[in-house]
Amino acid sequence: MTGAGGADRSPGDIAPVLVARVMLESLLPQLDRLFDYRIPDHLVGLAVPGVRVKVPLRSAGRVSRGYVIEVTSDAGYSGSLSEVDEVISPVPVLTTEVWALARRVADRAAGNASDVVRLAVPPRQVRVEKAWQLRQAVVAPPDSESTDSENTIAPETLTPPQITGYGPGAVEAALERRARFALAAVPTVTQTSAGDWVGQWATTMAAMAVFTLGLGRSSILVVPDYRDQDQLEAALQGLVSVGLLAVESIARVDARQSNSERYAHFLSCLEERPKIIVGNRSAIYAPAHSLGLIALWDEADPLHNEPLSPYVASRDVALVRQQQSGAALAFVSHSRSTFVERLVELDFVEEIAQNPRFLPHVVPTSSQASTDRFAQYARIPTSAWNTARKALETGPVLVQVARPGYAPVLACSSCAKPAHCQVCEGPLQAASRNARPSCGWCGAIAAQWSCQYCEGTSFRLVGNGSSRTAEDLGKAFPKTRVIVSDGTRSLTDVPAAPALVVATRGAEPVAAGGYHAVLLLDGERMLARESLTVAEECLRWWSNAIALAAPRAPAIIVGVGGELARTLVTWQQGRFAASELADRRTLRFPPAIRLATVRGTPESVASAVKELHDSVQGEDSAKIDVLGPVPDEGDFVRSIVRFDYSVGATVATTLRAAVIKNAANRRKPAGRPANYRTPPTLRVRFDDTEILD
DNA sequence: AGCACGCCGACT
DNA sequence: GTCGGCGTGCTC
């Protein structure tokens, strides 16, 4: 330990003691604050804000990794300081802006800032970093600024691409004044200058980003999955191909990237030059230089939810980052989520509607099966069958189904009760017509199955997965090519040639030129799911599928009537979202309120809930209520706290304090194996909407 | 998490 | 007397 070094300096010394305030890369809530370390002389100038460092913790010999957050000359800490051990890399990878974002996102969710930083900063790759540093030194000689900019005239400053489908200049104006807006995507497909077919939303977002680049600012474009990412990148490539965008201006954050690719793209974001950053939910944390736009495609897609602690969805991060950076914020989608609707009703987010209005041709149809013997094969109503047959003469037809596989459910052929696995009681299903039935949970083949109710030994197929629907459609349309796209084998695009494209919801490929008809077959089944948010979700899936149709091509929705059908026909998802939100308000369900799930020992949960009630007294006490506790895993219990947005900060700080308090007193492992890890006695998770399903 | 400090039981 | 049990608390 070298702590005595600081004490040797007399107060009158010339050299001021430089102190690095360091965030430790620790999972422990107790350590989620800044620690002060003296910067030794040989690291002065190297230990700057943003760099990764190694520092001693508690005693010499034990080192922890961390990031320098701040360098000051006056230590806030009165005890004797240890010294920074080592600067791991000179590159300041944690920018001031991203640190501030991580801190606030963590605070909002009662989580560790270091957990958020781990999402924001990819693991270091030494070779990649060395190569980048070398390139930086060569590319940017500090003296030749004028000639440099002449050589690399940003093409995007020459001719901004049109943002069509809205009032002239409407989107551009919103971007210029850095507005927060919900943008209704034009529900059709379009061809890029490079010849690729993409959803028009992709070209809209690409044009928005290029326009922002023309303002000298970066954009972050966040999409839920890689198929959306491919469309958006194709749209950007289209602008590259006509010289409206330089390919070096695009940076990627992609789940498919290798560690070195990811780090290379991350480093490129750190460069001074504004960029268009395209990626999945992690992209929301990219260290964009001079951020001018944050745009989310289809914000309600569950893939925007971060599965890692502290589980903050990209839209929540986007809202925090928008406030910190002052960038424009765009929620682009076909349907309107209740979440965005709430922000619109608060006038926190403005609406930009289509202008002129492009209306898909949606036809609701009753689910009554046809009397036509061909249509009966596929259980398709006559009108839908006729539509499909006619459309198939000229181009591809999309058939959206609810579930993948063949027959999702098997039943006993004598008593009709659902068949269960004899190993684990899971549901049995069939992979194809002749496949041996297997368990959907444990995968065991049901070899010598007998019904637990009536001793029957044969099955009946119940329900239709994508491949069974495909098989049936193949019989109904004998000469037609049938393409299946589902969770296991999903396609990004299909050609313009006639074909039946059977896809599970969310896995629909883009067709060149758009589908000549869209059939939404499993509406009833999709709606039958027992969930509070099922209507909102169905509307999103259906809207997205309908938006893949060619202009004026019919989209037939089978077996769905009432308000949902009316919403699709009039394409007024906003109105539906408003009535959904009103229902959630009366029920006190998200997004009308927020949630915090508190799990732990009965005592720790009870005391956390008590502190919560103590922290919001008086008139605010009505803004919070607690459901439970109910039994959870082990001998733990779970309570759900519902609270108004206005007391969110209080709830988060109170629960955070309870987590830290409980982190200290660990329970003794009574009679547990030696390697047993004691779980924390209190865990908190914010805005887990699945908990109410 | 680790690791030190601290205050009670059976041992050379 | 003291070696060591692990409950409690801190980490710049």
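Treat the numbers as computed from the prediction; the structure is a model and nothing was measured. A, B, ... follow the sequence lines: proteins, then strands. Residue 1 opens every chain.
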In this structure, how many angstroms lie between the C1' atom of C:dG9 and the CD1 atom of A:Ile660, rounded? 15 Å
Take A:Val641 and A:Val598, measure what side chain to side chain contact (heavy atoms under 4.5 Å, CB included) needs, and give me the verdict at the end. CA-CA 8 Å; A:Val641 184; A:Val598 185; 4.0 Å; yes
Once you round it to whole Å, what is the distance between P of C:dC12 and NZ of A:Lys54? 17 Å
How close do A:Leu101 and A:Ile284 get, counting heavy atoms only, and between which atoms? CD2-O, 4.1 Å
Rounded to the nearest angstrom, tell me the gap between atom NZ in A:Lys661 and atom C1' in C:dG9. 15 Å
Going by side chain to side chain donor-acceptor pair (under 3.5 Å), name the residues that satisfy it together with A:Asp688, two or more places apart in sequence or in a different chain. none
Listed partners of A:Trp132 passing side chain to side chain donor-acceptor pair (under 3.5 Å), at least two apart: A:Glu271
Using a strict threshold of under 4.0 Å (side-chain N to carboxylate O), is an ion pair present between A:Arg65 and A:Asp85? no
A:Arg65 atom CZ is separated from C:dT11 atom C1', nearest whole Å, by 19 Å
Starting at atom CZ of A:Phe35, determine the distance to atom P of C:dC10, rounded to an integer number of angstrom. 12 Å
Roughly how many Å is it from CG in A:Asn662 to C1' in C:dG9, rounded to a whole number? 15 Å
Residues of residues 26-34 of chain A with any non-hydrogen atom less than 4.0 angstrom from an atom of DNA chain C: list those, numerically ordered, please. A:Gln30, A:Leu31, A:Arg33
Centre of A:Tyr645's six-membered ring, under 6.0 Å away, within 45 degrees of the axis: is that where NZ or CZ of A:Arg342 sits? yes
Find the distance A:Leu57:CG to C:dC10:P and express it as a whole number of Å. 14 Å
What is the distance, to the nearest angstrom, from the CG atom on A:Leu81 to the P atom on C:dT11? 12 Å
